[in-house]
There are 4 protein chains.
Amino acid sequence: MGRPRDARADAAILDAALDLIAEHGVEALRVDDVAERAGVGKATIYRRYRSRDQLLIAAIAAQVGEIAIPNTGSTEADLLALMSDAVTVYGRPPAAQAMPALVAAMNRDPALARATREGFLASRRAALREVVARGIDRGDLRPDLDVELALDALGGPLFYRLLVTGGPIDMNLARGVVDLLLRGFARDKRRRRAAT
Amino acid sequence: MGRPRDARADAAILDAALDLIAEHGVEALRVDDVAERAGVGKATIYRRYRSRDQLLIAAIAAQVGEIAIPNTGSTEADLLALMSDAVTVYGRPPAAQAMPALVAAMNRDPALARATREGFLASRRAALREVVARGIDRGDLRPDLDVELALDALGGPLFYRLLVTGGPIDMNLARGVVDLLLRGFARDKRRRRAAT
Amino acid sequence: MGRPRDARADAAILDAALDLIAEHGVEALRVDDVAERAGVGKATIYRRYRSRDQLLIAAIAAQVGEIAIPNTGSTEADLLALMSDAVTVYGRPPAAQAMPALVAAMNRDPALARATREGFLASRRAALREVVARGIDRGDLRPDLDVELALDALGGPLFYRLLVTGGPIDMNLARGVVDLLLRGFARDKRRRRAAT
Amino acid sequence: MGRPRDARADAAILDAALDLIAEHGVEALRVDDVAERAGVGKATIYRRYRSRDQLLIAAIAAQVGEIAIPNTGSTEADLLALMSDAVTVYGRPPAAQAMPALVAAMNRDPALARATREGFLASRRAALREVVARGIDRGDLRPDLDVELALDALGGPLFYRLLVTGGPIDMNLARGVVDLLLRGFARDKRRRRAAT
DNA sequence: TAATAACCGAGACGGTACGTCTCGTCTTAGG
DNA sequence: CCTAAGACGAGACGTACCGTCTCGGTTATTA
C-alpha cells in the first residue's frame, strides 16, 4: 500500500537523463544532475534504478524504441529496410554514443545484460529473424542456413564498426551486408565444392 | 640520465594487473591495487602508462600477443586459421572479459581508441587484409569487393557475440563466417541481378 | 470534528521512543524507527510533535515527571530532599543520557528551548525557589541574596558534571551544594569584609 | 614514510572551519564548505578528523586556547580573574554558541568527550585547582573542603546558564560564585551547627 | 442515514549532508 | 633520475534522515 510511485517522476527522470546525455555525452551523466534537472530527489532516482548504470540503460532503451517488421514482398527490400533503420539509429547520437558505455555496463552486471538484450536489442533481432525466415520460405535463402549466424552477420559488422573499428555506419554498410547475406546464403542448386 | 628504469617493475606491474583482472574482473582494476600487489609506487605506474586505461590495454595486449600471417595456398584455409585463432583468443578470459571495458574506455578517450586499434587489433586486421588480397589475386574472391566490409564481415560477428549478444564464440562461428565470405564474395561470371 | 486522535497511538509513540532511547541512545532516535516500532505512520507522529526534537523532549518529560515541594520545617532538609530527587533522576538513564542531546537541540531551536525549560525544568526550579524563599523568611538565608544565583549554585554543579566533566552525581554532591549554599548565603551579623 | 601531512592544510582547514562557524554558526558547519573554503579535498579533512564532529571540537579547542594561572596574592582576586576570563570566553560566540553542540557530540562519542575535557577544559580547571589550593594554604579556605565540588561550584553555574537556563553570563555571576565559595568554604573556628 | 471531516498505516517525495572511493599528481626520503 | 610510500585536490557515488505529501481506508460527529 502506501503512496504510489509518481509516474511524472518516472518521466521527468528519463527526460532529464536523455537531455543530459544529448548535451554532454554518456560518460558525463551525473546522478545529481539528473535529479536537479528533473526536479527530483536523488532517492527518488535510486528507488527506481539501482545505480547510475541502470538509469543509463533505461534512458537509452527509452530512446531506441520498438521496430516494426517490414513486409514488402522482397527479402532484399525487407532486410534493407531493417538495416537502414539500424544504420540510422546507431549511426549517430545518442545511441551511437551510448552503446560503448552500455556494453561495459552489461559486462559488469549480468542482470543488466539480460535486461538490455531483452529490452531493446531483442525487438530488432526478432524482426530480422522473421524476415530471414520469410526469405527461406520464399526460396531466397538456403533452408539449412544457421539463422543465428545470419543475424550476427547482419548486425555484427555494424556493431563492430560502432564499438571497435570506428568505421563508417552508413547505407553502404547496410547494402553491403544485405548483399553479402543474400549471395552467401543464396539457395544454390549447384552446390559449391566444399573445401576438400 | 640518472637511474634507469627498473625492468623488474615493468614486469611486476603487468603481472599484478593481469592477476587482478583475472581475480576481480576488468572493471575492478584499481591503480592503487596494482601498485600494492606489484610492490611498486603509483608514480612508477604512471611513469609508464598515462592512465589506468592505458595500463589496462597494455595488460591485455601482453596477453593477446602477435599473429603470424598464414599462407597455406588455400584462401579458405588461411582465413580459417586466422578466425580459429581469433576464436581461441576472444573465446575465453582474459581477452573475452577485457574487451567490453576496453570498448568503453576507447569511447571515453579517442587517443586510447587509436592506441588500442593500432596496438593489438591492427595486426590481426592486417593479416586478414593480406589473406583477402591474396584471395582476390588467386581468383577466389571478387576483385571489386569492399575490403573493409569483408574484414568487418569476418570480425564483426565475433565481436558482436562477445560484446552484445553473448552468443557462442567457437569454431562453428569461424567456419560460418569464412564460408559466408567465400560464397558471398565469390568471383562470379553470371552476375546476380542487382536489386533493381 | 472529524475522527478524534487515537489515544493508543499517543501511548505507542511515547513507549516506542522511550524503548529506542533506552536501547540505542538519544542520538540514534530516528522518527522512522519510532513509527515502525509503534506500528504507526510517520504522519501520525508529526501530527502530534512538530519535529523529532519535540518528540524527544516529550519522551524525556514523560520520564522525568513532576516534583512536589517539600516542607519539613527545615530549610536544609527541604533543599536536600529536592537535590536528592534531582540526583536520582539525573544520575542515571534515561534522563542522564538524554540531557546532552536535549541541550544541543535547545541550542538549535529557541522555541524548543523555551518548551524544555517550561516543560520539565521549571517545576523543579520553582520548587527550589519556594524553598529558598522560605529559608529567607525563616532566617536561614540572607534576605538580600541573589535568588537566581542561589538556584544556579544548587543546580549548576549537577548539570556541569552531567554534561561536561562527567563527575559523579550522587548524594555527596547533593549534600555538598546544600551545605555550600547554607554557609555561603547564611544570615550573618558580622559582615565579612568585602573584596576591598 | 611517504609524503608527510601538509601543515598548511592543517591550518587552512581549521581556519576555514572557524570562519564558517563565526559566519553561520556551529550547526551550519558543512564539511564540503570547509573543504572548499580551505582549498582542500574532503579526503584531506577526513584523513585528519574522523567525522564532522571531530573537526568541530578541534576548531573550538583551537579558539579557546590556554589560560595562565593568576597569582596576585589574593585568593579572591585570583578566583575572580579566572572566572572573569571564563565569563568573557563563554559569554559570547564562538564558544557560547559551540558548547551545546560540543556537549551533544561528547555524549555521542566517549573518545571525543575525553579529548574535549583534556583538550581545552582541563587547563582552566587546573588553574582553578591551583588557586583553590593556594587559598587553602593561605587560610582563606577550609583545608578539608571537597576540591572537586569547589571547582564545580565555580564552573557549574556558568555552564548551567550557558547550556540550560539561558541566564546571564556576566561579571555579576563571576563575583557571585566567588563570593559564595569564599563564604561557604571559609575557614571557620566556630563550626556552624550541623543540621541536627 | 448519509455526508463530512479528521484521523489512520504505508510509503514515496524533495532536499541535503554525510562519509567513501578512485583518479592522477605531488612530495618526501632514500638508492 | 628512479624508487616506495603515501598525502593531496577533485569530484561522483550511494546512503541516511528529515519533514511533507498522497494514497486507500476507518471512525466519529454533524446534517
Peer 1: Any salt bridge linking A/Lys42 with A/Glu36? Criterion: basic side-chain nitrogen under 4.0 Å from a carboxylate oxygen.
Peer 2: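 No, A/Lys42 and A/Glu36 are not salt-bridged.
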Peer 1: Where each residue is assigned the nucleotide of DNA chain F containing its nearest heavy atom, which of B/Ala35 and A/Asp32 is assigned the position nearer the 5′ end?
Peer 2: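 Its nearest nucleotide lies further toward 5', so the answer is B/Ala35.
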Peer 1: In this structure, how many angstroms lie between the P atom of E/dT22 and the NE2 atom of B/His24, rounded?
Peer 2: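 Whole-Å distance recorded here is 12 Å.
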Peer 1: With a 3.5 Å cut-off and heavy atoms only, can you find an N or O donor on one side and an acceptor on the other between the side chain of B/Lys42 and the base of E/dG24?
Peer 2: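 Yes, a donor-acceptor pair under 3.5 Å.
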Peer 1: Specify the separation, in whole Å, of atom CD1 of C/Ile45 and atom P of F/dC17.
Peer 2: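 The answer, rounded to whole Å, is 14 Å.
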Peer 1: Tell me: CZ of D/Arg5 to P of F/dA5, nearest whole Å?
Peer 2: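 Rounded to whole Å, this separation is 18 Å.
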Peer 1: I need the OH-P distance between A/Tyr46 and E/dC13, as an integer number of Å.
Peer 2: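 It works out to 15 Å between those atoms.
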Peer 1: Nucleotides 27-29 of chain E: which of its N/O atoms have a protein N/O under 3.5 Å away?
Peer 2:
{"residue": "E/dT27", "atom": "O4'", "partner": "D/Arg3", "partner atom": "NE", "Å": "3.2"}

Peer 1: Give the rounded distance in Å between these two atoms: CD of C/Glu36 and P of F/dC17.
Peer 2: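 Spelled out: CD on C/Glu36 to P on F/dC17 is 12 Å.
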Peer 1: How long is the line joining CD1 of D/Ile13 and C1' of F/dA7, in whole Å?
Peer 2: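 About 11 Å, once rounded to whole Å.
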Peer 1: Testing the basics here: between B/Asp33 and B/Ala28, what is the closest heavy-atom pair and its distance to 0.1 Å?
Peer 2: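 Scanning both residues completely, I find the closest heavy atoms to be OD2-O, 4.4 Å.
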Peer 1: Tell me: CZ of C/Arg47 to P of F/dC21, nearest whole Å?
Peer 2: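 The distance from CZ of C/Arg47 to P of F/dC21 comes to 12 Å, rounded to the nearest Å.
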Peer 1: Which sits closer to the 5' end of DNA chain E, C/Ala38 or A/Val40, going by the nucleotide each is nearest to?
Peer 2: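 Whichever sits nearer the 5' end wins; that is C/Ala38.
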Peer 1: Which nucleotide, F/dG14, E/dC8, E/dC18, lies nearest any side-chain atom of C/Asp6?
Peer 2: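 Within the option list, the nearest is E/dC8.
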Peer 1: With the side chain of C/Arg52 defined as its heavy atoms from C-beta on, choose the nearest nucleotide among F/dC8, F/dC18, F/dG14.
Peer 2: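 So the side chain of C/Arg52 is nearest to F/dC18.
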Peer 1: Check the distance between F/dG14's P and A/Leu29's CG and give it to me in whole angstrom.
Peer 2: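 Atom CG in A/Leu29 sits about 11 Å away from atom P in F/dG14.
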Peer 1: Toward the 5' end of DNA chain F, which comes first, A/Asp33 or D/Ala9, by nearest nucleotide?
Peer 2: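 Between the two, 5'-proximity favours D/Ala9.
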Peer 1: Side-chain contact test, heavy atoms from C-beta onward, threshold under 4.5 Å: evaluate it for D/Val164 versus C/Leu163 and give yes or no.
Peer 2: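 When only atoms from C-beta onward are counted, C/Leu163 and D/Val164 do touch, with a gap below 4.5 Å.
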Peer 1: Can you tell me if the side-chain N/O atoms of C/Thr44 get under 4.0 Å from OP1 or OP2 in E/dG9?
Peer 2: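 Result: yes.
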Peer 1: So, are D/Asp32 and D/Arg30 salt-bridged, with charged N and O less than 4.0 Å apart?
Peer 2: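 No salt bridge links D/Asp32 with D/Arg30.
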Peer 1: Of all residues at least two apart in sequence or in a different chain, which pass the side chain to side chain donor-acceptor pair (under 3.5 Å) check with C/Arg52?
Peer 2: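 Once residues adjacent in sequence are excluded, C/Arg52 has no partner under the side chain to side chain donor-acceptor pair (under 3.5 Å) criterion.
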Peer 1: Whether D/Arg48 contacts F/dC8 is assessed here as follows: a side-chain N or O lying under 4.0 Å from the phosphate OP1 or OP2. Is that the case?
Peer 2: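 For D/Arg48, the contact criterion (side-chain N or O under 4.0 Å from OP1 or OP2 of F/dC8) is met.
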Peer 1: According to the salt bridge (Lys or Arg N to Asp or Glu O under 4.0 Å) rule, which pairs have a member within residues 9-18 of chain B, sequence neighbours left out?
Peer 2: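 Applying salt bridge (Lys or Arg N to Asp or Glu O under 4.0 Å) to every pair that reaches into residues 9-18 of chain B, excluding sequence neighbours, yields B/Asp10-B/Arg48.
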Peer 1: Say whether, by atom type as modelled, one donor and one acceptor occur between the side chain of C/Arg117 and the main chain of D/Thr165 under 3.5 angstrom.
Peer 2: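 Looks like yes, one N/O pair under 3.5 Å.
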